[in-house]
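Take a look at the structure set out below.
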Amino acid sequence: MKTNLLSLPAHYQLQTLKVALADGTLLPVTVIGNGKPVMMLHAYGMDAREFLPFILPLTGKYAFYLPHLRGFGAAKDIELHQFDFVRQYADDINTVIEQICVTCHIESLPVAAISMGALVMWAYFERFGLSRVSRYLNIDQSPAIHNQLDWQGGLFGKQQQERFEVFHEVVDLTLPYAKLDSFTHLPFTLKRRVTDVERSFSLLSVNRPRSKAIVHILTHQQDHKLVFYDHSTWQHKMCCLQAYLALPYDFRPAIEDVTIPVVNLIGGRSKLYDPIWQQKITRMLPNAREVILPRSGHAVPVDEPIGFYKILKAFLRE
């Protein structure tokens, strides 16, 4: 039986806006729902529409704006023009937020962001301030990526050097092939190395056994399939990794100025960002409270989908 999309309630119907950015790029933004505008930012490698299972029950009260960051999801064919991709994303998101506020005749809106998207929001606050954001849900993301003498809460915590060495190796191996049109043209051993490293990263992001099983199924490529595997975002991911490794990305100096209400959602067993150091972030923020999901890894929506939904719902009600 075919479903007539026109018969669905209006708040269940997806729309795609195209927001004109400073460089003329048209950035796709998925919109769903009727009500108060809310923006959500996705993680590295994620499609913004993966938020849909968590927000569909809320679309009768809220209109969700889900930007697709350059190189991912519906924006996978849009290239970066800056090496500092976080800064470029922050500039793009500023344009998106301004258009939402002007179009909807509002002064500000709530924002929820996870992982890389949350790093973009730390950069946004540093560059553009708080006037357009009414409150913020930070999902398992430190404002500083690299460990330092006064900060050991960076990406991978105590394992950072070991993990970063793997990233350096993969980036160096792929650089000679950066201009190739297709992933299928890479040597097979390099394709295997790239996909294995990505799978390892994805497994580190989750904690629950069922989540690990899902990641294994979704990310493993058997040899005969890997030969023809069209990995459309691999070049973009390598560019992002290069920037992560080379740039300091430390937005802690801006934290004391983030005076809006913040909910700091922490995966209690996150292997990407040490929960103890994430709790320090809560204390650094002037107007924040934290919520810890004790059995969750970094990918909170995957490990604790019901818990994540409840926290998001409560955040929007506040």
Side-chain angles (χ1 to χ4, degrees), residues 42-54 68-69 71-77 114-117 139-141 155-157 159-178 180-245 267-273 293 295-308:
H42 65 78
Y44 174 88
M46 181 180 172
D47 186 310
R49 290 163 291 197
E50 292 175 38
F51 283 126
L52 289 176
F54 307 101
H68 297 257
L69 299 173
F72 297 113
K76 63 182 178 63
D77 294 326
I114 182 170
S115 194
M116 179 193 72
I139 307 166
D140 212 73
Q141 178 62 49
L155 183 59
F156 301 124
Q159 303 297 316
Q160 182 172 98
Q161 183 175 350
E162 176 186 345
R163 303 291 181 189
F164 275 15
E165 285 175 0
V166 173
F167 287 168
H168 275 294
E169 175 208 353
V170 173
V171 167
D172 290 344
L173 288 172
T174 57
L175 278 177
Y177 305 94
L180 282 184
D181 292 335
S182 174
F183 185 74
T184 58
H185 296 156
L186 265 67
F188 180 83
T189 54
L190 183 53
K191 288 190 285 189
R192 173 58 68 198
R193 184 62 176 148
V194 169
T195 54
D196 282 352
V197 169
E198 286 190 352
R199 183 157 65 104
S200 174
F201 180 80
S202 297
L203 287 169
L204 285 171
S205 298
V206 293
N207 177 65
R208 305 294 294 274
R210 65 169 182 270
S211 304
K212 291 183 180 294
I214 292 170
V215 170
H216 270 294
I217 293 170
L218 294 179
T219 60
H220 179 65
Q221 296 287 337
Q222 295 180 345
D223 286 355
H224 68 282
K225 291 184 178 180
L226 184 58
V227 171
F228 302 104
Y229 177 46
D230 183 16
H231 189 344
S232 59
T233 62
W234 76 275
Q235 288 159 313
H236 181 78
K237 285 185 172 182
M238 290 300 110
C239 290
C240 293
L241 278 185
Q242 281 183 280
Y244 267 126
L245 295 170
R269 296 191 179 180
S270 176
K271 293 184 178 65
L272 268 62
Y273 295 103
L293 292 176
R295 295 183 295 174
S296 178
H298 174 72
V300 175
V302 178
D303 269 342
E304 296 289 348
I306 296 175
F308 173 66

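Source: prediction; values computed, not measured.
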Test side-chain contact (heavy atoms from CB on, under 4.5 Å) applied to Arg193 and Val166, Thr174, Leu186, the passing residue: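 The passing option is Val166.
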
Where do [X] and [Y] come nearest, in terms of heavy atoms and distance?
X	Y	result
Leu293	Phe308	CD1-N, 4.4 Å
Ala75	His68	CB-O, 3.3 Å
Arg49	Ala74	NH2-N, 3.7 Å

For the residue pair [X] and [Y], establish whether any side-chain heavy-atom pair is separated by less than 4.5 Å.
X	Y	value
Asp196	Arg199	yes
Lys237	Phe72	yes
Leu204	Leu272	yes
Tyr177	Phe183	no

Spacing of [atom1] belonging to [X] relative to [atom2] belonging to [Y], to within rounding of 0.5 Å:
X	Y	atom1	atom2	answer
Arg163	His168	CZ	NE2	14.5 Å
Arg269	Lys271	CZ	NZ	8.5 Å
Ser115	Met46	OG	CE	9.5 Å
Tyr44	Leu241	OH	CG	4.0 Å
Asp223	Phe188	CG	CZ	3.5 Å

Sidechain-backbone polar pair: His298 side chain, Tyr273 backbone, donor-acceptor under 3.5 Å: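 No; judged by distance alone, with no hydrogens or angles, the pair does not exist.
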
Do other residues, nucleotides or ligands put more than 12 heavy atoms under 6.0 Å from the [atom1] atom of [X]?
X	atom1	result
Arg295	CZ	no
Ile306	CD1	no
Glu162	CD	yes

Side chain to side chain contact (heavy atoms under 4.5 Å, CB included) evaluation trace for Gln141 with Ile114: CA-CA 7 Å; Gln141 178 62 49; Ile114 182 170; over 6 Å; no

Audit row: Leu175, Met238, side chain to side chain contact (heavy atoms under 4.5 Å, CB included) steps and yes/no: CA-CA 9 Å; Leu175 278 177; Met238 290 300 110; over 6 Å; no

side-chain contact (heavy atoms from CB on, under 4.5 Å) involving Asp303 - partner list, sequence neighbours excluded: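 Once residues adjacent in sequence are excluded, the partners of Asp303 under the side-chain contact (heavy atoms from CB on, under 4.5 Å) criterion are Val206, Asn207, Arg208, Ser211, Ser296.
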
Carboxylate-amine/guanidinium contact Lys76 Asp47, below 4.0 Å: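 The answer is no: the pair does not qualify as a salt bridge.
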
Per-pair distances, 0.1 Å, donor-acceptor, side chain in residues 226-234, under 3.5 Å, sequence neighbours excluded:
from	atom 1	to	atom 2	distance (Å)
His231	NE2	Glu198	OE1	3.0
His231	NE2	Glu198	OE2	2.9

Ring center gap for Phe167 and Tyr244 short of 6.0 angstrom: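 Centroid separation for Phe167 and Tyr244: 6.0 Å or greater.
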
Centroid-centroid under 6.0 Å between Phe51 and His42 rings: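 Not close enough - the centres of the two rings lie 6.0 Å or further apart.
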
